[in-house]
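Residue numbers begin at 1 in each chain, while the letters A, B, ... track the order of the sequences. The analysis underlying the following values was restricted to heavy atoms, covering all of them including side chains, and did not include hydrogens, waters or symmetry mates.
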Amino acid sequence: MDLSFSSEQEILRKSVAEFLSKECSYEKVKEIEESAEGYSPKLWKKIAQLGWLEIILPEEFGGFGDPFINLIIIMEEIGKAAFPSPFFSTVVQSGLTILEGGSTAQKKDLLGKIVDGKLLMALAQYEQEASYLETGINLSAKLSGDDYILNGTKMFVIDANIADKLIVAAREDKGITLFLVDAGAKGIKCTKMPTIGMDNNCEVIFDNVKVSKADLIGEPGNGWKILQKAEAKIIVAKCGEMVGGCKASLDMTAAYAKERKQYGVPIGLFQVIQHYMSNMLLAYDTSVNYLYKVAWMIDENEDVTKEASALKAQVNEKYKFISERGVQIHGGVGTSREFDIGLFYRRAKAYEYVAGDSDYHYEKIAAALM
Amino acid sequence: MDLSFSSEQEILRKSVAEFLSKECSYEKVKEIEESAEGYSPKLWKKIAQLGWLEIILPEEFGGFGDPFINLIIIMEEIGKAAFPSPFFSTVVQSGLTILEGGSTAQKKDLLGKIVDGKLLMALAQYEQEASYLETGINLSAKLSGDDYILNGTKMFVIDANIADKLIVAAREDKGITLFLVDAGAKGIKCTKMPTIGMDNNCEVIFDNVKVSKADLIGEPGNGWKILQKAEAKIIVAKCGEMVGGCKASLDMTAAYAKERKQYGVPIGLFQVIQHYMSNMLLAYDTSVNYLYKVAWMIDENEDVTKEASALKAQVNEKYKFISERGVQIHGGVGTSREFDIGLFYRRAKAYEYVAGDSDYHYEKIAAALM
Amino acid sequence: MDFKLTEKQKALKREFDQFFEEVMKDAPPEYGRGGLEGVYATPEGFEFHLQVSKKLGEKGWLSRAWPKECGGEGAPLIEQLLFNESRESHRAPGVDLFGHGMFAPTLIIAANDEQKERLLTPLAKGKVSYCQGWSEPDSGSDLASLQTTAIKDGDNYIINGQKIWTTGGHRAECMFLLARTNPEEKRGKGLSVFHLRMDLPGITVRPILYMDGKHLYNEVFFKDVKIPAKDLIGTENEGWKLTRDTMNFERSGVGFFVEGREDLKELVDYVKTTKRNGKYLAEDPIIRQKIAKLFIDLEVGYTLAYKIAWLQGKGGLSFAASAASEAKVFGSELAERIANYATEIMGLYGQLSDSKWAPMNGSMVESYQFCMGITVAAGSSEIQRNIIAWTGLGLPRF
Amino acid sequence: MDFKLTEKQKALKREFDQFFEEVMKDAPPEYGRGGLEGVYATPEGFEFHLQVSKKLGEKGWLSRAWPKECGGEGAPLIEQLLFNESRESHRAPGVDLFGHGMFAPTLIIAANDEQKERLLTPLAKGKVSYCQGWSEPDSGSDLASLQTTAIKDGDNYIINGQKIWTTGGHRAECMFLLARTNPEEKRGKGLSVFHLRMDLPGITVRPILYMDGKHLYNEVFFKDVKIPAKDLIGTENEGWKLTRDTMNFERSGVGFFVEGREDLKELVDYVKTTKRNGKYLAEDPIIRQKIAKLFIDLEVGYTLAYKIAWLQGKGGLSFAASAASEAKVFGSELAERIANYATEIMGLYGQLSDSKWAPMNGSMVESYQFCMGITVAAGSSEIQRNIIAWTGLGLPRF
């Protein structure tokens, strides 16, 4: 048992953190949030050059064979910086889904382009019913000659507005099937929806969209299995980002509590503030250590269905808790756009829904236990 | 609108409070708790003489026509004193059920004897499945000549061990039917079960118990309706007792916090203790005012199904909360039998189950709203 | 023990309800979300607020509760409660939180006759709007440490300094200001209350955007702002005491609970008409329990508000003061809970703000953000809890 | 980042598990409920504890973690964690919380060679039992304000005063005592640690019953109790510092989480085999969610405990000190939550204590009461939270 990070991992963390703190201040984050694209192409190019996007690339495709926990390190730092980028949609959601279900050729081609920063992708799974279950996927795919024709609407597709390609989960005769679709294909209409996360959640309408039979990820009817297998890893990666957000909220609140004076003393001297903050630290410490544990289990090839659900429900609730107390301790300034704690308060609510909300995961745990 | 009590009601409250504080100290309560009978026949006789048991007696049977809220006043004071007696089982559970479903003759006879302190009664509703629903009643009643034969087991019958008569909910051909049964009848075996409340929860086994056809409360098949109608009032009365317990917990904890010193100052000076206690006071104030509101609605003959459920769920949770914080603020001494806060901590858990636990009542509310 | 309204009160409530129902037919969409946002976030919203205010002024309802000698009807507090309940349950504007809610009571207590005539009349008619100049950067919960000065200079006062968190400072016509008239004194002493116009030379208003970018709050800077001495309210240097007296006016918090009831009504409609996984959300036991819990909180909170109003009306102020803090803590934290539960129940839709896709017009996700402004403002939850412990339970002050 | 145990560690854990499984076959029923109750509430329970202690002594497991010069094996802390985990997951006694858990570490740090030989050996063999003489009526969380005196008198000390909350004081053979050796000094200074036998003349033990009537705690009175000077441990007047050092020994809190896991296992069995309203409790979505929430808490708590043990083993005490307080707060409050949820899930049966009718042998309703003893003992949750804020976050001390 050795619960420390290797020195390479410490260097990785440091380099990601330093880059983000230098290139993407919270001021910059707010600016990006308010843009239509919701990301900075310039910064994306830079992080591609720095090799961040290679983190999931297996050795056989020219990667360094990083363990899964290294992805977590990057996600934590992205979470601390509240960095808006297509890293989650492209590298995590799409990249891991391709790794799970794609052909060798697809992996080589798509992952290669992702790594070079030349391809943005989005995963289109949910629909109007907003169900996390297989039954929620009803966009239809009908075979017509050598093409499939897709009809239906996808909702909550993250980064569809900037993606080059979409992975679309559709209902084919044999069951759920994943399609690789050009985001600019005829018949696709994409609209960004305004969210508390000020992120790129999109509605994507498919009106007789033609996709070649060759552009499947996995076999027809195999789509749900691939999504489920990828989901556990996607969850853990997202939790890395959220735990990073917890850490930033905690640190900036502690700093504020030491510095801000009321009644002539730092507010951090008040016992109630101390108790709030001890609860925040406890929420963080229980979350971060469990994050590492589950990430390690993935590296050990253990089944983490139950644990990934436990982690997501834990982090959903604790991120909300920590950021909410953070705003409360900041007082008035905490609610203003000028201060940074609000960035995390808003993200905590937004990310609660990513890859399953708490009630969904509680039920998954119960199903596994009983 | 006048949210004060009348001077008669203030006098009633004062007389009940004074009697209990004089005749039944917390020392005495503990002594009674530890006895097999779980009540004091001597005190019972005295409260009968004082007229407490008349509180539910309608004018037509010689009562004073007290409003329902007067019963709440007595229950609150009983709750504050943690007074162990068959008042709830006999006057509230059985008395209100008889009022709801009994014949004029039964009311006259049974209520008359109750009022005189000569009859103790218990309501036998729940069974091994511990269901609060109609389907949970399966003790069988078969007609055989002029008698019914009862077979089955009742559980959680409060005060069955000291009762003279039982009201037994049984399943007859026509549906749930209430029977009036002598507690000493042949074939009845009653055993007290050890509980956290140290009260008289009993298992009562019915082995071919014979009951005359004449000894029904209401019509055959009418039992569930009677129980349901009585239940709302029984709940509100029990909540009166529980809210009284909240008040006692709050007051004794506030007194302790002002008196007990640590680090040279009263612990009530610590901000965290102040916040704990402000939450306790809030929990109490929201509960007690709603208690009066729902009791008033009963006096106005309004349907309180939804409100009684809201009240019970509220009081269940707040009584546990207040008494738990009470023990915590007392520290070590709070966990000892010598101190009194533990009496309330134990009762809060015990009473949670009386006439429906919180989950049962949440569902009843939801059913009413949707 | 009698919770019944008299026939007269019931009739009054019906009259209020009819008025607000009628008025709200023309409301711009931001009013579906209630709160300060409707009034201050957009020019349209503020314009509508002013229109409603004038209508209320015509009816004489803005000053009903004022004493007769101040131009009011001396209506009992319970009627004021019914008015507030009706207005807030319709999410209607028209009452100026600062002008009517806080400054008018101050004037009633402390203004001289000339000021009453000059300042109360426009308020009664709904023809003026106010913001409040209290908080400063270095005095959040600790109001007594104010540094903005108002120095007497002949027949004038010269104001210098800065205020912060001035809600609606970018829209209001006037301000009532708390400033230090005696710079020798510290903390609670040497403060005075003033009326002033926001268009005076030397006043600069700078927006403080809310975390979602909306504009409600401001910083207000004073550079040698000159106001006539006749706009001093009450006795010089006694402003802190006056401010504290004002704080105790109508504080039942009924608005939290009637607004919450409207939210719950809409939420129940939503779950009864929305399907997920082949079932209505209303069939999901977890969702049912969340809704039941909110119902309970709203029931008990609403009843507490009535108790407070009744006690205030009766003059039972010592309980009422603590209970008013309880209602504020409970109501503001309940608003947070409602917003969180509602956005949880909506699933992925819970994150959507104002748009065609957003359930309940995005009001719950807005509330999830704005509720934080309430738990920290006008005496944070922390301060309120201390007040409860001190005044409600007699625990020692520190 | 590697959570894996070595093969040697796994084998060790198997050995511990086998031992405790075997041992617990003969356990009296009170051990089904775990905690201090099994050991101290009944003579049978205590007798069984002593038997297991002797067996552990024969195996050398009581002193494995001690340094070699003190007769131990210097086993790494992680192995000690595995031992504790195994023992507590079997709800097994045999380790004296006070003798092995607290006094032995004190002796290891501070005793002289004669004392080590005389006092550590019987502890290593499992042949002696201890209680702890710390708290006094006027010093709950504030240990430094002790008043019991130990005054030097030639080759002896004469003890006068009173201790309270002495768990097991009615059963233990010996006590380790914190008393004031210099009555001139106040608070932390002038205190010393002593070993003494409980059967000395002048010692009176009076029970303090728990709220449910069980006997775990005692008051202990000292009237001119004479003990030899050789039973002073460490330097005279330096006892407080010594006591604080001891407090930092093995504090992963793993016991909370492995006991909780056993509780949850039994609870899952219960809901899978118990029907209500025609369905298994395990089918009820509300119950399913409660169980899922407990599972999460146990998972994250267990992982935190491992992190603490690993850090302590590595010497990373500064994080470990704060995290140990976190584990104590979280673990003890989780025990309360488990007991509350479990008794809620059981419905009416949740109130039943030890009897044929009680699910899980009444352990949950017992725990509902005893958990309160834990959140107030050995540094109440309030003190622990301050420690977390001070040491974990660097907030200013008051």
Determine whether the side chains of [X] and [Y] contain a donor N or O and an acceptor N or O closer than 3.5 Å.
X: Asn316(B); Y: Lys312(B); value: yes
X: Ser358(B); Y: Glu344(D); value: no
X: Asn138(B); Y: Glu127(B); value: no
X: Ser287(B); Y: Gln314(B); value: yes

Tell me whether Lys349(B) forms a cation-pi arrangement with Tyr368(D), defined as NZ or CZ under 6.0 Å from the six-membered ring centre and within 45 degrees of its axis.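 Satisfied, under 6.0 Å and within 45°.
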
Can you see whether Phe88(B) has Lys238(B) sitting over its ring - NZ or CZ less than 6.0 Å from the centre and within 45° of the normal?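 So Lys238(B) does make the cation-pi contact.
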
Atom group of [X] that falls short of 4.5 Å from chain D, counting heavy atoms:
X: Met193(B); value: both
X: Tyr276(B); value: side chain
X: Tyr126(B); value: side chain
X: Asn201(B); value: side chain
X: Ser336(B); value: both
X: Val354(B); value: neither
X: Gln328(B); value: both

Indicate yes or no for a side-chain donor-acceptor contact from Arg171(B) to the backbone of Ser140(B) under 3.5 Å, with no hydrogens or angles considered.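 Answer holds: no.
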
With distance as the sole test, does Lys30(B) use its side chain to make a donor-acceptor pair with the main-chain N or O of Arg337(B) at under 3.5 Å?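 Answer holds: yes.
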
Counting heavy-atom pairs closer than 4.5 Å to chain D, which one of [options] comes out on top?
options: Ile267(B), Val333(B), Ile341(B); answer: Val333(B)
options: His330(B), Lys261(B), Gln128(B), Glu363(B); answer: Gln128(B)
options: Tyr360(B), Phe270(B), Tyr132(B); answer: Tyr132(B)
options: Asp199(B), Asp359(B), Val272(B), Ile273(B); answer: Asp359(B)
options: Glu33(B), Met198(B), Glu324(B), Glu34(B); answer: Glu324(B)
options: Val327(B), Leu343(B), Asp357(B); answer: Val327(B)

So what's closer than 4.5 Å to chain B heavy atoms on [X]: side chain, backbone, both or neither?
X: Tyr210(D); value: both
X: Thr274(D); value: neither
X: Glu336(D); value: side chain
X: Leu352(D); value: both
X: Asp284(D); value: neither

Could you check, using the six-membered ring where one of them is a Trp, whether [X] and [Y] have ring centers closer than 6.0 angstrom?
X: Tyr351(B); Y: Phe344(B); result: no
X: Phe330(D); Y: Phe256(D); result: no
X: Phe98(D); Y: Phe176(D); result: no

In terms of the angle between their ring planes, are Phe339(B) and Tyr256(B) parallel, tilted or perpendicular, with boundaries placed at 30° and 60°?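 Perpendicular: the ring planes of Phe339(B) and Tyr256(B) meet at over 60°.
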
Arg385(D), Arg276(D), Lys356(D): which one forms the most heavy-atom pairs within less than 4.5 Å of chain B?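 Looking at each option in turn, the highest pair count goes to Arg276(D).
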
Taking every heavy-atom pair that is under 4.5 Å apart, which of Gly278(D), Ser381(D), Gly350(D), Gly213(D) has the most such pairs with chain B?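 Highest number of heavy-atom pairs under 4.5 Å: Gly350(D).
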
